[in-house]
Amino acid sequence: MESGGTTLEHGALNITSSPNTQPHMRYEDALWNAVCTRLRVVLGEDVYRSWLKPIQLDMIDDDCARLSLPTRFIRDWVHNHYSSALIDALSQEDERIRSIDLIIQARPNNDAASALTPAPVALEVITPEADAAPDMGASLDPRYTFDRFVVGKPNELAYAAAKRIADSSEALVGCNPLFLYGGVGLGKTHLMHAIAWHVRLHHPQRRVVYLSAEQFMYQFIKALQSRDTLAFKEQFRSVDVLMVDDVQFISGKDSTQEEFFHTFNALVEQNKQLVISADRSPTDLSGIEERIRSRLAWGLVADIHTTSFELRYGILESKVAQQSITVPRDVLEFLARRITSNVRELEGALTRVVAQADMLGMPVTLEGTQILLQDLLRSCDRRVSIEDIQKFVADYYRVKVSDMFSPRRSVSVARPRQVAMYLSKILTDKSLPEIGRKFGGKDHTTVMHAVKRITDFIHNDPELREDVERIQRMMGA
Ligand code: ADP
Ligand code: MG
């Protein structure tokens, strides 16, 4: 790799010959400046400022320029939209360059406005004694901080608990472990990263390690193989806050499960703060021994509920403010009403809408949004036809589709019918009376009752909950 800023005179760029260029500037930086000048002209000032300014040219390796970008979001965006413009401009300035490699690398930000956000200096959560704890942590996303987490009814308990843990200078008795659970894309990982950032900023002496359950298992199995589980436990001894994400993936792997949770217990006994997440509650973690499940629920169990319209709208508003873009209210409202599955999809939709407007150089409008998201919404609509729901539910419970419309009250048909009504309510935007009509002219109170019954069951009866989830998956919903 070239370095030092004194040697190279490739392509059109000729830094060293000019006495006016800063003498200590790296070749890569000077090259990148020249590339930026080109790109500002080609792509415009806005695109440059939003997407290209945060990029740094790290090195040139053969014919490949390695560019680092601060976040995954920007990386993906740049990759999808500006790859070829970047290669063009780079190769015009330095003819060796034929390709680019985009990597995520958070950098300290001198911007005073960002002083409130933990400085994303390093991606690894690994600690000063990296030798003692190699590969222990996983990357932290610099965007996943508390100030970017929008709090609403569905997530207020989880947020409050996470915040208390992050603020504390020791393990919190009532919250150890903190068990966060909720469906995909509802902010579990975001909250865990936020704890890590916060502790690093406010309690730098506390060691925080965040990792996925698979990583935890992987290291544990490695330790088992090398007959060194003691060293494994030892590794975590110097950690003050240990966070393990998505522990549902541990269930079922019997032989290691036992040892794994012994280790886990030992950590709690050593007064380490543990934060665990899963996509379901401790009681619903199938394939994990009862003893262990109840142990997991010993501290505080905080459920993140599915989002409400208000929360979705709030999240969109905050995303828009963060990116300093203008999106009309009706578009935000439309997105918040129609994209209900999870926050990740909601963000994805907003990104698409903004990108399209940006590309066309036009303002974001409701019409444009509806057209752009047609496919996405159509597939939502398709998966929410009441007829489909009736068919899938009947199939699943091996009853006749006509039983869905019949007045029969025996549990064997009434329960499936209630499940179908419930799914019609949550997966379509049909009103209760409309749903009632599709079920053989039932009254809206019957539908309401069914929805309530099934909602209760879902909270109290893991088996029925499984059934409902399976049906939803079968429908691709
Ligand atoms: P999970 O781990 O529960 O599957 P994530 O934490 O990965 O979900 O969240 C998915 C995406 O949604 C992330 O980009 C996250 O920042 C965003 N997100 C989720 N909940 C919120 C919230 N309450 N406020 C702001 N962003 C959120
Ligand atoms: Mg997650």
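Atoms within each ligand, like the ligands themselves, are counted from 1 in listed order. Quick caveat: nothing in here was measured; it's all calculated off a predicted structure.
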Original post:
For Leu172, does its backbone N or O pair with a side-chain atom of Gln273 as donor and acceptor, under 3.5 Å?
Top reply: yes

Original post:
Does a sphere of radius 6.0 Å around CZ in Arg206 hold more than 12 heavy atoms from other residues, nucleotides or ligands, not counting ones at 6.0 Å or beyond?
Top reply: yes

**OP:** Report the protein N/O/S neighbours of the Mg ion (ligand 2) that fall below 2.8 Å; do not count waters.
**Re:** Thr189 OG1

Original post:
Do Tyr144 and Arg148 have side chains that get closer than 4.5 Å, going by heavy atoms?
Top reply: no

**OP:** Inspect the surroundings of CD in Glu290 and state if more than 12 heavy atoms from other residues, nucleotides or ligands are less than 6.0 Å away.
**Re:** yes

**OP:** Mind telling me whether His190 and Phe149 have parallel, tilted or perpendicular rings, with 30° and 60° as the class edges?
**Re:** perpendicular

Subject >> Val241 and its side chain to side chain contact (heavy atoms under 4.5 Å, CB included) partner, picked from Val208, Leu274, Val209 >> reply: Val208

Original post:
Does atom NE2 of His202 have more than 12 heavy-atom neighbours from other groups under 6.0 Å away?
Top reply: yes

**OP:** State whether Tyr397 and Arg415 meet the cation-pi test: NZ (Lys) or CZ (Arg) under 6.0 Å from the six-membered ring centroid, and within 45° of the perpendicular axis.
**Re:** no

**OP:** Could you tell me whether Lys163 and Asp167 have a side-chain N and a carboxylate O separated by less than 4.0 Å?
**Re:** yes

**OP:** Anything with a heavy atom under 4.0 Å from ligand 1 counts, so go ahead and list those protein residues by chain and number.
**Re:** Tyr144, Arg148, Phe149, Val150, Asn155, Gly183, Val184, Gly185, Leu186, Gly187, Lys188, Thr189, His190, Ile315, Lys319, Val343, Arg344, Glu347

